[in-house]
Amino acid sequence: MSPLRDKCNELKRAMLKTCIDAGTGHVSSSLSCAEILTALFYGDVLRFDPKRPDWPDRDRFLLSKAQASPMLYTVLADLGYYEKSELKKFAQTDGPFGVHLQKSVPGAEITCGSLGHGFGIAAGMAQAAKMDRTHHLVFTLLGDGELYEGSIWETAIFAAHNRLNNLVAIVDRNYQCTLDFTESSLALEPLEEKWASFGWNVCRVDGHSINEILGALKGIRSRPSTQPLVVIADTVKGAGVDLMACVPLWHGTAPTGDEAKRAMEQLERSFEHGRD
Amino acid sequence: MAAISQRDAFWERLYDLACEDRDIVVIAADMGAPAMDRIRRDLPGQYLNAGISEQNGLLVAAGLALEGKRPFFYAISNFATLRVIELIRVELSVMDIPVTIVGVGAGYSYEDSGSTHHSLEDVAVMRAFPNLTIHSASDSVLAARFADISCAQEHANYVRLERKTLPDLHKPDVDISKGFAVLRDGPDGYLLSTGIMTHRALEVADELAAKGKKLGVIDLFTLPPDEKALVSALSGCPCLITLEEHYLPGGIGSYLLELLNTHGVSVPVKRVGLTFAQGYENSYVYGGRDRIHAHAGLDVPGILDQIKNVL
């Protein structure tokens, strides 16, 4: 198994433990983006310095789908933005770690939780970088349910028109919202065509394959395009845990009792993706 | 100097400031002004047209501010505020990001355009948020000064401008530090108002003076103002009449009642403004601002009729 796959599995387990201990947290949304965050933070994609969260030359990473905060908290703790023991404060007294994201968490960049916000802020940050002629990149992770927000498409128009090729959006395409599957409640497809028609470079990957995600982001600093890039990452909400995977209504919930035990056991098995 | 519109006064001053500070960026939601043309022409690197997409405009402004820019987001008042209110809440209030919203079209400014273009609730809504100040201009002198204030603000700021060109009320060196100015002293009480209604307040005061009642006039242009100073100015006042081209719930009259209550000051207050019983029917009275005001009871006779029992 690759070191990145090992790391990803370790992060998933740590995230799940954090949520089980706290009795809350969006576990299924976190599991769908575990490989995406692993690729970005451990796959030599993002530039960052945990000791200097405000380092001006850092790449910005905005978790627009901030319900997946437990996954990001876990990654940031593992990287040393703060002690891993801090995760015990998730949704507890004396900590900055809420169910949704707060700017005061080192590395968080923004307060977020309401959907359709982070993407536009990311575009503003990318625009500022263009104005200042700085070379860092701005990444943002969107939920697919978030794409129902009209603000997303307003920003998509703006970013393409202003040639923000320093902006990278990744869509965690897990096909589910809270109540139902996207395609049966309000169809989002064809997504690639939608983004392309808005003037974006588009690629689509298996969002649980770290190698595919890294492939899509290869050479990201020297992309021969004036346009922003969107990576549509097909994922499974609750991936790796059978009782959650593809089961609506697990949104926003942490497992308890026997279900918690079963979920942890499944994540403790060496999960190896076929393409990694 | 002939009076100019508030938006031209604001953008003229901001143009000068933007020439000196390259971090000043204007994000317009398909909204112009003659003075804005200079910014577009001379400072293209500091101007963005967000199109008719207020959500994106506000979010981009927030992103720019997080990177150290000083953004000014510009649209018709109610589109710049009510249309994007939840974004204002999260980005400007919760995250405390210093964006300046510049809204043109206070009250019935867009007279014949109907309710969609009237701003009759924005003060109530915008003053509900921590970390956000409202600056409401009654003349172009204040509008220009608000450009300077906005550049020095550490928090978000809503500059509420009148569309119509109004005569200047304030001297260029007016002290704006307290957020209000006493335009006229009055032993018999005060009329307190904002924006265009301060002009109306002066007309009402003139009318009453001819009848032997000397009412003072206070122009309230910052919310919240220096509250201690305002309470001090109002203490002992025989009566206070608030005038607003805005619905009464949550407006400046409502604010004054809260302020006096908080400070335990007892002053008889009469609020004159728009009632819910009026609905939006005033918005569909055509033929100009004065006709709307007459219909809404905000013309001089209408106001005198409403306050006759408190004087």
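Worth saying up front: this structure is predicted, and the values here are computed from it rather than measured. Sequence lines set the chain letters: A, B, ... in the order given, protein chains first and strands last, and positions in each chain run from 1.
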Counting only heavy atoms from other residues, nucleotides and ligands, does the tally under 6.0 Å from CD of A:Glu193 exceed 12?
yes
Within 6.0 Å of NE2 in A:His161, more than 12 heavy atoms from elsewhere:
no
A:Arg221 atom CZ, over 12 foreign heavy atoms within 6.0 Å:
yes
In this structure, CE of B:Met95 is separated from OG of A:Ser104 (nearest 0.5 Å) by 11.5 Å
Just by modelled atom types, is the B:Asn56 backbone N or O under 3.5 Å from a matching donor or acceptor in the A:Glu154 side chain?
yes
Out of A:Ile152, A:Thr134, A:Thr111, A:Asn162, return the one with the most heavy atom pairs under 4.5 angstrom to chain B.
A:Thr111
Mind listing the closest non-hydrogen atom pair of B:Gln55 and A:Ser151 along with its distance?
OE1-CB, 3.5 Å
Heavy atoms of other groups near A:Leu79 CG, more than 12 under 6.0 Å:
yes
Taking atom CZ as the centre, does A:Arg204 end up with more than 12 heavy-atom neighbours from other residues, nucleotides or ligands that are less than 6.0 angstrom away?
yes
Minimum heavy-atom separation for B:Glu67 to A:Ala128, with atom names?
CB-CB, 3.5 Å
Taking B:Leu87, B:Leu66, B:Val94 one by one, which has the highest count of heavy-atom pairs under 4.5 Å against chain A?
B:Leu87
Which atoms form the tightest heavy-atom contact between B:Gly63 and A:Met125, and what is the distance?
O-CG, 3.6 Å
Turns out that what part of B:Val25 lies under 4.5 Å from chain A's heavy atoms comes down to side chain
Bottom line for B:Glu91: the part with an atom under 4.5 Å from chain A's heavy atoms is side chain
Quick one: closest heavy-atom pair of A:Gly124 and B:Leu64, and the distance?
O-CD2, 3.4 Å
Assess whether atom CG of A:Asp44 is packed by more than 12 heavy atoms of other residues, nucleotides or ligands within 6.0 Å.
no
More than 12 non-hydrogen atoms from neighbouring residues, nucleotides or ligands closer than 6.0 Å to CZ on A:Arg58, yes or no?
yes
What's the spacing between B:Leu58 CG and A:Ile121 CD1 if we round to 0.5 Å?
9.0 Å
If you count heavy-atom pairs under 4.5 Å with chain B, which of A:Lys103, A:Arg60, A:Gln102 comes out on top?
A:Arg60
Step by step, would you call A:Phe119 with B:Leu59 a side-chain contact (heavy atoms from CB on, under 4.5 Å)?
CA-CA 8 Å; A:Phe119 184 44; B:Leu59 292 168; over 6 Å; no
Honestly, the part of A:Leu62 sitting under 4.5 Å from a heavy atom of chain B is neither
Worked verdict on A:Met131 versus B:Leu48 for side-chain contact (heavy atoms from CB on, under 4.5 Å)
CA-CA 11 Å; A:Met131 288 170 160; B:Leu48 294 164; 4.0 Å; yes
